Amino acid sequence: MNANQAVEELLARANRLGADPRNTNYAGGNISAKATAVDPVTSQPVELMWVKGSGGDLGTLTESGLAVLRLDRLRSLVGVYPGVDHEDEMVAAFDFCLHGKGGAAPSIDTAMHGLVDAAHVDHLHPDSGIALATAADGAKLTEECFGGRVVWVPWRRPGFQLGLDIAEIAAQNPDAVGCVLGGHGITAWGSTSEECEARSLEIIHTAEKFIAEHGKADPFGELIPGYEPLSKVERWARAATLAPAIRGLASTDRVQVGHFTDTDEVLDFLSHSQHSRLAALGTSCPDHFLRTKVRPMVLDLPPTAPIEEVLERLTALHQAYREEYREYYERNATTGSPAMRGADPAIVLIPGVGMFSFGANKQTARVAGEFYVNAINVMRGAEAVSTYAPINEAEKFRIEYWSLEEAKLQRMPKPKPLATRVALVTGAGSGIGRAIAHRLATEGACVVVADLNAENAATVAAEIGNTDVAVAVTADVSDEDQIASAFAQAVLAFGGVDLVVNNAGLSISKPLSETTVHDWDLQHDVMARGSFLVSREAARVMTEQGIGGDIVYISSKNSLFAGPNNVAYGAAKADQAHQVRLLAAELGEHGIRVNGVNPDGVVRGSGIFAGGWGAQRAAVYGVPEEELGAFYAKRTLLKKEVLPEHIANAVLVLTGGELSLTTGLHIPVDAGVAAAFLR
């Protein structure tokens, strides 16, 4: 087989296997192919291996995610391998076996693929396979399930020695198609890509069938009275109420983004009597507990318990969790161990409601939750046919605080200014709000795009990216219930809210004599009342989180400058401007900073100007509407036109960390209007 065909088949196999979560979890497992290529230096044939590199995901793997190694050099490492105490040095040695430039960094599992004498190798983390791998009598069950077709490999930390073990077992069992790795996962091999994939699926599906046919019906024990799942509406309402406080607890050491899951697997697990015992045992597969931490934090109250009691209990459980985690670290750390990375839980389980998972960004938080669902499935399978018996604490610690894992963390790029922050922007479906939403997302924030127009909000959220970075909510800011709903959707999407931009607005330009009560009420409802309602709900969420926050008002030059035919708009903007000062004084004790931006003359891209305000103001000043932006620019000190992006820049300046001790400030973004100078 030529190299191009081998790579094409490898990527197709990876994408098929990775597309089904029953086969492996996100970024879990790795697969390889061996083929002969021509060495560009010698023009002689050379045996190469293509293997998924460190950190890649099978479901989305492309050629750039493969490491390419010379098999002769890789296999020569067997002769110089100094033993299990030097595993980390062997990973560094893989770099000297690479062929050509580019490609991904070789993973710790590279030896497993290179040393097994088969052209194609799959290493996967299927729930059914790990269920057998973590069963107390896993070796016996593997024999019962597969006979000699699949062999058992006792637990060994991933590395060069594990590769040697599997290669030896494969050689000693020529009729075997793969193995179950104790506490870990499965490995399969074949002479063709098709055969290897078929054998991987055979192991997975055979294990699934074995567990289904031989397992007991209630592996998690009997139902606990009163712990049944709430209705979906009740679950989501309770989750939204609890989310800010839980996120605050999980962010004690460093701020985290959250994700909420209420899948059937989670709710069923938490409603049965053995969930507390099993959760305390922790996860087993290395991929699992690297994402979920050694064990979750579990609320021990029924879903109907009073909220105040639940919050008090969560606080006590969190303190105990941190103490227990510190003790776990101190029991297992050696002089060479990395420093403790934080003692807060990554997974919080709430019976009858669901699971909160946390990470440095939304994707990490979501994937952590997915991994714990995998862990629940593993525990169900192991308990169905045996007893769940994960690897011991010391082994878990060795992997969690592995120097290679620490090195990987240290190589990660520096976080963006707004990383881990959740922003909600009103009026974000167009104009200034759209520009602000895009800028905040570019700088690392998760963004909730709120707008009265659902289609516009959805469009902007889609422009920014997938639901790991932006979600759309529909809200009339003058409606108290809709604002509460918008924030509930925000905290369910990302765990909480840290940064709120009061941008929603409209304007009707009329002389005093022509301004109706409706004109007055409409503008005050949206801007004065709307900002008040949004800020009140924001302050509630931020106070419950206890990690501070930012509220920014997009006010106007007109909050200071008395322009003609503009009484309702100017008065509403003045109301917003004073809300900044009032709330800055009130919320400072909670670490919540309140600031404002005073734009002027933002014509291009502005929803307000496009909605009739531009024509009205152009008529007031006696210029064609298409020349209004240029007209505004000419009357400024800088003679520059103000664009939505300029307002977005000001919001970033106020919230990006450089002005962390500034509150109660209004920044003019008007290209210089002397009459609107703050004084």
Side-chain angles (χ1 to χ4, degrees), residues 418 421 423-428 431-433 435-437 439-440 445 450 477-478 483 487 497-507 523-543 548-563 566 568-602 608 642 644 646-670 673 675-679:
L418 298 181
R421 305 201 73 191
L424 185 149
V425 184
T426 67
I432 292 173
I436 293 170
R439 185 62 197 276
L440 297 181
V477 296
S478 67
I483 291 304
F487 274 85
V497 177
D498 308 294
L499 195 168
V500 168
V501 182
N502 276 309
N503 171 73
L506 79 160
S507 186
Q523 293 180 89
H524 279 74
D525 282 350
V526 172
M527 293 180 286
R529 172 189 168 93
S531 294
F532 152 69
L533 291 175
V534 170
S535 295
R536 187 180 66 178
E537 193 66 12
R540 182 191 66 79
V541 171
M542 292 176 188
T543 300
D550 280 286
I551 300 175
V552 179
Y553 281 66
I554 306 303
S555 184
S556 171
K557 170 266 292 182
N558 290 290
S559 66
L560 298 162
F561 174 76
N566 203 18
Y569 179 80
K573 285 299 183 183
D575 187 312
Q576 284 187 308
H578 199 48
Q579 284 186 37
V580 169
R581 293 183 280 268
L582 292 167
L583 298 186
E586 180 176 342
L587 301 177
E589 65 178 289
H590 301 291
I592 301 170
R593 304 180 315 116
V594 188
N595 293 291
V597 179
N598 290 345
D600 184 50
V602 185
I608 288 180
V642 182
H646 298 134
I647 316 306
N649 292 343
V651 173
L652 177 62
V653 168
L654 286 168
T655 60
E658 296 299 324
L659 297 180
S660 60
L661 298 183
T662 297
T663 191
L665 172 68
H666 284 276
I667 296 180
V669 184
D670 55 15
V673 177
F677 283 175
L678 293 164
R679 56 187 183 275

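Only a predicted model underlies this, so the values are computations on that prediction, with no experimental measurement involved. For reference, positions follow the sequence shown, starting with 1.
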**Request:** List in chain and number order the residues that pass side chain to side chain contact (heavy atoms under 4.5 Å, CB included) with Val580, two or more places apart in sequence or in another chain; answer none if no residue qualifies.
**Result:** Tyr553, Val594, His666
**Message:** Applying side-chain contact (heavy atoms from CB on, under 4.5 Å) to Asp600 and Val642, what does each step give before you reach the verdict?
**Reply:** CA-CA 7 Å; Asp600 184 50; Val642 182; 5.9 Å; no
**Complete:** Rounded to the nearest 0.5 Å, the CG atom of Asn558 sits from the CD atom of Gln576 at a distance of 11.5 Å
**Message:** Any non-hydrogen side-chain atom of His578 less than 4.5 Å from a side-chain atom of Leu582?
**Reply:** yes
**Item:** Atom of Asn598, atom of Ser555 and distance for their closest heavy-atom approach
**Value:** OD1-CB, 3.3 Å
**Message:** What I'd like to find out is whether the side chain of Phe487 reaches to under 4.5 Å of the side chain of Val534, using heavy atoms alone.
**Reply:** yes
**side chain to side chain donor-acceptor pair (under 3.5 Å) partners for His590, two or more places apart** = none
**Message:** Any heavy-atom pair between the side chains of Leu560 and Leu678 that's under 4.5 Å?
**Reply:** yes
**Message:** Which residue is it: Leu583, Leu661, Thr663? I am looking for the one with a side-chain contact (heavy atoms from CB on, under 4.5 Å) to Arg593.
**Reply:** Thr663
**Between Ser531 and Gln579, a side-chain donor and acceptor under 3.5 Å** = no
**Request:** Might you point out which heavy atoms bring Met527 and Gly505 nearest each other, and give the distance in Å?
**Result:** CG-CA, 3.8 Å
**pair Ile436-Val552: side-chain heavy atoms closer than 4.5 Å** = no
**Message:** Test your reading of the model: is there a side-chain donor-acceptor pair from Ser559 to the backbone of Ser556, 3.5 Å cut-off?
**Reply:** yes
**Item:** Passing candidate, side chain to side chain donor-acceptor pair (under 3.5 Å) with Arg421, options Asp550, Thr655, Asp498
**Value:** Asp550
**Message:** Nearest 0.5 angstrom please: Glu537 CD to Phe532 CZ, how far?
**Reply:** 10.5 Å
**Prompt:** Is any side-chain heavy atom of Ser535 closer than 4.5 Å to a side-chain heavy atom of Val500?
**Reply:** no
**Fill in**
Nearest heavy-atom approach of Leu654 to Gly596 is CD1-O, 3.9 Å
**Request:** Give the minimum heavy-atom separation between His524 and Ala568, together with the two atoms involved.
**Result:** CE1-O, 3.5 Å
**Prompt:** Which residue, Ile647, Val425, Asn649, forms the side-chain contact (heavy atoms from CB on, under 4.5 Å) with Arg439?
**Reply:** Asn649
**Prompt:** For residues Thr662 and Asn595, is any side-chain donor paired with an opposing acceptor at under 3.5 Å?
**Reply:** no
**Fill in**
Note: Met542 and Ile592 closest approach over all heavy atoms is CB-CD1, 3.6 Å
**Request:** Please examine the side chains of Val673 and Pro668, heavy atoms only from C-beta on, and report whether any two atoms are closer than 4.5 Å.
**Result:** no
**Asked** Which atom names give the shortest non-hydrogen contact between Pro599 and Ile554, and what distance separates them?
**Response** CG-CG2, 3.8 Å
